[in-house]
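Before any comments, here is the structure.
Chain identifiers are assigned alphabetically (A, B, ...) following the order of the sequence lines, protein sequences preceding nucleic acid strands; residue numbering begins at 1 within each chain.
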Amino acid sequence: MNVFYWTVAGTASGLIIVGLWGVLTRKNILRIGLAFTIADTGVNLLLVWSGYLPGRTTPILNGDVPAAEAVSAVVDPLPQALVLTSIVIGVAVAALFVVVAVLASRRLGTADIRRMKELKW
Amino acid sequence: MNPSLASALAVFLGGMMLAASVVVLFVRDLLSAIIITGMISLSASVLFLLMDATDVAITEASIGAVLATLIFLWGKGKMGGRE
Amino acid sequence: MVTALAVFLPLLGAFLTAWLTHRNERLSLLITRLFLLAGLAAILVIAARLGAVTDGGLENTMILRTGVMTPPLSIDLKVTGWSALAAVVVYVGALLGVGRFSGRIPGTQPLLLTLVTTSLGLMFATDFFNSFVFIEIGSIITIGLTAAGRCRRRWEVALKTAMISGLVTILYLLAVVIVYRTTGELRLTAISTMTGFPAILVSGLLLTVIMTEIKAFPLSGWGLDFYQGVDKNFAAVYSSTWSLAVLLWSARMLTVLPLPDPGVLARIGAGGLVLGQLAGLRQRDPGRMMGYSTSAYASILLILAGTVHGADYLSLTLLFFTFASLSKTTVFLMADPEEEDDPWKKVSGYVLLLPLLCITGIPPFPVFWAKIRMLTVLADISPLLMGAVILGLFFESVYIYRLWSSRTGPWQKKRKYFDAAFMGAALLAAGTVWTAAGAEQGLSLSGELFRAGFVRDLFLAIFAGGTLLSLPGAFRGGPGEKSPAVWMLVSGVALTLLPLSGNGLTFYVLWEISAFAAVIGVSKGARPSEGTFWFAVFAGAAGYLLLASLVLSDGAVSSPGIPMLLVAAAALLKMGQGGAHLWNVRAYSTAPSTMAAFLSGTSSKAAVFLLVFSASAAAILPLGTSLAWIGALTALGMAAMASLESDYKKVLAYASVSQLGYVIMGIGLTSVLGWTAAIYHTFNHFLFKSILFLGAAGVIARTGTSDYDSLGGLVKRMPLTFTFTLISVIAFAGVPPLSGFGSKWLLYNALVEQGMLPLALVAMFASVVAFLYAFRLLYAVFLGQLAPRHYEVKEAPLAVLAPQGVFTAVLMALSFRPTLLLDRLVPAVASIAGLGGEIPVIEGTALSTSLGYWDAWSVGMMVMGVFGFAFVFYWISGRRPIHVGQLDIGFAGELPPSPEEVHYAGDFFRPFRRALAFLPEIHASKVFGGIVKTADLAGDVFRSLFTGDARTYLLHSLIILTVMILWMKGGTP
Amino acid sequence: MIRTLFVLLVLLVLAAAATSVIPHLKMRTELDGAGLEYARRGLEDTGSINLVTAVIVAYRGLDTLGEVVVLFSAATSVMLILSLFPLGRGPTDPSFIVAHTARVLPAPIMLLAVYFTTHSHLSPGGGFPGGTIMASAFLLVMLGSSSTPAGSKILPALEALSGTTFGLLGLWGTMTLGQFLNNRVIGIGNPGYLVSAGIIPLVSLAIGVKVASEFSGIFAAFRKSGGNR
């Protein structure tokens, strides 16, 4: 199971690094938004991954998992709860980001972030 | 699920996602980039499922993959050809 | 229940107004206000229950439980007395800003209300992930409201904010992963139990997040852009809601970070403060200045977190950040968002003053009390750290003063723009009274810091008398001036109380009040901005030096070593010695004339007082000779400058600095004779400089000019002014029999006694040069040809004439009977421990030293006798004088080539100009110009970090993160 | 190009510096910390079979309220910005296929959404995905009509109502049990049944409706300024 465990961790970290790399180097603001989304996905994976235990089931105590055995049968529910929040936050921020990006590119006539630095020093 | 099958699936998906993420950064066409990002999210929701996070998988599929993609598509449409 | 209401009422209001806002805008605005008021009432109840206001119950807590069970399973919100008070400020800020922001941009009310709940939530949060949720809400609302604001660059600002918040999200969630995996829970307190590398990693991540969010240098770039570009009305709300909440949340976070060494924080903070504020020095955009100031406060937070603990930490953070936030809100509320390039264009500096002084922490404003306590703590830990902090704070004050002094617009007539701002100002004032009253340091005036005795009483007389006698003239401003009377009075009262101060802190508070009241007084002049700015900067520098000395010497005004050095430097700056005259000349010449009289005649004596009383002779001894040389060279150089100058007030300014050079020389000698001479000369200078400046005030008030070339021949028009000026010119030129001779004679004696012949030569030469400008002054203004436009000029107003009369009377009395003063002064000085040298002896009317004696009475009588004899002889001889009219110029039949040359005082000392060219103005300007230029260049290096590209800002954060992790990793095996 | 490589270098150095944390994150085989407690007593405390929902709605209900507020703020901001700065070009006529799909699909989608939302304590799902799916039903309706659908008029009201309900349910807990958002203000009932777990189903429904109306609001705002292309 270690292979699975570390593969997910590697994927997640890889997504975060690639996402940040994209944020820091891409010029089109919409693509920067996409890069943020990728990094977010990586972070979410990492969060769920931190609550993962091998050979267990979803934390739902229906007939398959009696309540008494829950402690040794289910994965950690907390990180999952956190990720739910994080996903919603991610999409909310993305929506706002896109709207601002669209309006910015319309008003400034370009989607190139290098042109959006009238304020400096 | 069979642990080794899960591992194999994870390695496959993980590799694909990483490759796809780099493609998103460098592909010329923004539309493809948006679609590919949606696919990454969808793959992530499969990984969530493999990690016994059903709730998260559903949410990621509906919100992360579909909704976010729709929003970005709208944005691209509104932004027009500005690069 | 009350707690829940206090937090969630605005949120309910937000849901309601979100629905209403499409239907009835006015109702929606009303409901917004009602919900905010209700929430404010609730939080006030909580604050009262916790005893936060009256009993100092900053650490008392009240828990709001949520969910099921208790933490770590569920989430608590914890209200402390500390955060309850801050929450009051949040509500107040929102209430002040709601009309200005939401009232102007419909549809923003729900976001504003949500921002309030979120700010409170963040301040009360005890859970790591819960804090994250609040931070996200806050960021989203900030982005949304920025984009909705009325400002041209809204998109750029919103995008940058969005990108920063994207990075923060990622870093924060990474920290969440590590914290949960290593501690098994998410309470904030759990973080502090972490050890090993996870602790380092989490510290690094969170420190990066915190520094970015609170805009600490070098991660402040986006914050600077934010404050520059954002809608100023929104910035007003933002400052005391979200910005404050983030600061206070960070304040708590910084105490739970599992740092290997908390001292790291202080070092990051101090470095950031100095470098970041250095970068701000050259700043011209007012909005951006506020950004730099925010960054200064962020650095202060880091310093505090690294050095102060427990209850002190709570009260310090509260004092610093709530009042700074409220001040910033007030400043932003005064902006007019329609003016995109400079929203404060129409604001007169006067109304900006209270919040700006509050930000810079001038006493008695609340931030000051926090500042001095912080410095006291730092001085114990590391004087170097304290020095760095003071330097950074000084840089901050420089650009804040520029912001203030460059606002010269007229009083804004549109009251509606100022309602909220006035409310803010009133709150600040109330807070000031409250903190000043509660300040533990005790501002009692009953103590005795300065040994009672004749010397102290003499200064008391100077301060009180000078203020009273300068005041009448202040009610009648000259052309283009506003009356500085109120500020002169404030400054004068503070001065008068100086000698009575019971401790160093009281002294400092009075000193600063006096200085800054005077700065405001100067700003009432006809063209104030430059003079005001320089005065403020030098007064600020002197104040910080004094403060450093106070803190290092544990509240005494000084003690030997570094503190004495700092005090001496402060006094020299204040007296314009050694090149610092730049400020005197600029301030005196642009100030209202009576204000200049007050500054030069009375106020400058505060520095002498400081030097005389702080210097135990032992302490000043090592500085003595250098002080004496500084004084001598200043006396000579300034006298030369005065001779070459042709602006009435500037001449007097140079002369004033020059005369104070003699005082410094005397003090530097550390002998009884030297100090007697110095104090005697101080009193003389007080008399004759007051007369001269008041005379100038009268002349300028009547003629409307201070240019020598346009004056002249006023002797017949203003005979009394002429008489008084003549007398004081004779006095200060050091011609017997008037009193200036006495003090100079004593000084020469002291110099010779100490064997300092070169110094004595310089001093004498300076006296000769002084004669040049004294002579020219009389000619240029009163003698020669009367300009036609001054034919109808009347005698100076009584308000300045009468005080001159009083001063002259005292001067004359003292001239003929110096023993009136010396009888008491000599024993008093002789009793000061540690002063060496001979004690002059007074016998009858004569003062004698080993070098000789001076009997002012006899000399005076002799001079009078000689003059009387000559007059009588002249009268008896019966020659009738020929009356020559003022306009009757005999040029031997030639017409003068040009009108200027008729006035032969014009460019009077042209021949000397080249000979004296090596002298100080040029060099002083060069030196100070060099310092300014170097600082600017260094600042530009750091400024260039802020390229304006949001991606660069993110890169900064990541680089700082990497460096911090590697640094801390290297620090622990 | 140099920038691209430099940034990559920085990120790799950062990643390398962070690798020391790996030994501290080894795979767990047993639950510990808060997770253990949730598994042990979650059902007993909250009456929710779905422990994730127990954590989301009951234990850490405040986070969820915050989450709702995040959406609320984002949606309000988007609507505000788009109404202040319209992008032009209103809704276009739908194509034949879209129009007909939009007439058929919303009903079953809505059913699924309601199931997700109300059964959050029993099975995977919950207010957030449920609300999103509801919103997609609305989106379909919107795409199928050339004008702004009538439903969008009541959106703000729904939003206000559901939000206020959430808040008041929370305050109810504070008033009766002294704990904001406590789900046990009514009995937790018999776990496993629809009407159980205290107010969890109610809160989920409020969340669902709130999320649905937020997203629908965003869609409507998008639509008004031109829709998808």
Side-chain angles (χ1 to χ4, degrees), chain C residues 1 3-5 8 11-12 14-16 18-20 22 64-69 72-75 77 105 107-108 110-111 114 117-118 121 127 129-130 133-134 136-137 140-141 143-145 147-148 177-178 180-186 196-198 200-201 955 958-959 961-962 965-966 969, chain D residues 7 10-11 13-14 17-18 20-21 23-25 28 32-38 41 45-46 54 58-63 65-67 69-70 72-74 76-81 83-85 156-157 159-164 166-168 170-171 173-175 178-184:
Chain C
M1 190 64 200
T3 330
L5 283 179
F8 294 113
L11 186 61
L12 288 180
F15 292 152
L16 206 57
W19 174 57
L20 261 179
H22 304 287
L64 170 62
R65 289 207 187 290
T66 72
V68 185
M69 304 312 295
L73 296 189
S74 68
I75 306 171
L77 292 181
I105 305 168
T108 52
L111 293 175
T114 313
T117 286
T118 308
D127 188 275
F129 192 77
N130 197 227
V133 175
F134 284 127
E136 288 300 314
I137 306 174
I140 288 176
I141 298 180
I143 299 164
L145 289 182
V177 170
I178 299 163
Y180 182 62
R181 269 306 298 276
T182 46
T183 67
E185 55 164 307
L186 288 171
F197 185 73
I200 291 177
L201 190 53
L955 190 58
L958 289 178
I959 290 175
L961 172 62
T962 314
I965 290 175
L966 290 175
K969 206 168 145 190
Chain D
V7 168
V10 169
L11 285 169
V13 171
L14 179 56
S20 311
V21 82
H24 300 274
L25 298 177
R28 291 189 287 180
D32 54 11
L36 176 69
E37 291 299 307
Y38 288 133
R41 56 191 301 173
D45 278 350
T46 64
Y59 286 113
R60 300 181 65 92
L62 189 60
D63 274 354
L65 177 60
E67 195 179 345
V69 176
V70 166
F72 170 72
S73 320
T76 314
S77 300
V78 166
M79 289 186 268
L80 177 65
I81 297 171
S83 74
L84 286 174
F85 309 99
E159 189 187 322
L161 185 69
S162 53
T164 316
F166 197 171
L168 291 180
L171 288 177
T174 315
M175 269 195 295
Q179 215 157 355
F180 187 78
L181 273 175
N182 193 318
N183 73 317
R184 303 170 60 134

Out of [options], which one racks up the most heavy-atom pairs below 4.5 Å with chain C?
options	answer
D:E67, D:R41, D:E37, D:M79	D:R41
D:A54, D:G167, D:A58	D:A58
D:L14, D:L11, D:V10, D:T164	D:L14
D:G173, D:G35, D:A18	D:A18
D:G33, D:S73, D:S20, D:G61	D:S20

Legend entry - Side chains of D:Y38 and D:D45, donor plus acceptor under 3.5 Å: no
Pick one of side chain, backbone, both or neither for [X], based on which atoms fall under 4.5 Å of a heavy atom in chain C.
X	answer
D:R28	both
D:L62	both
D:L25	both
D:L161	neither
D:E159	side chain
D:F85	side chain
D:L84	side chain
D:L65	side chain
D:R184	side chain

Inset, instruction - Assert yes or no for the condition that the ring centre distance of C:F15 to D:F72 is strictly below 6.0 Å. - result: yes
Legend entry - Ring centers of C:F8, D:F180 separated by less than 6.0 Å: yes
Given heavy-atom pairs under 4.5 angstrom as the criterion, report whether the side chain, backbone, both or neither of [X] touches chain D.
X	value
C:I75	both
C:L201	side chain
C:L11	side chain

Could you tell me whether the side chain of [Y] reaches within less than 4.5 Å of the side chain of [X], counting heavy atoms only?
X	Y	value
C:I143	D:S77	no
C:L12	D:L171	yes
C:L77	C:T3	no

Legend entry - By side-chain hydrogen bond (donor to acceptor under 3.5 Å, both in side chains) - contacts of D:S83 (at least two apart): none
Inset, instruction - Would you please name every residue forming a side-chain hydrogen bond (donor to acceptor under 3.5 Å, both in side chains) with C:T108, sequence neighbours left out? - result: C:S102
Inset, instruction - Tell me, out of C:T182, C:I105, C:V133, C:L5, who's got the most heavy-atom pairs with chain D below 4.5 Å. - result: C:V133
Inset, instruction - Look up atom CD in C:E136 and atom OG1 in C:T118, then write down how far apart they are to the nearest 0.5 Å. - result: 11.5 Å
Inset, instruction - For D:N183 and D:T46, indicate whether the former's side chain and the latter's backbone hold a donor-acceptor pair under 3.5 Å. - result: yes
Inset, instruction - For C:S74 and C:M69, indicate whether the former's side chain and the latter's backbone hold a donor-acceptor pair under 3.5 Å. - result: yes
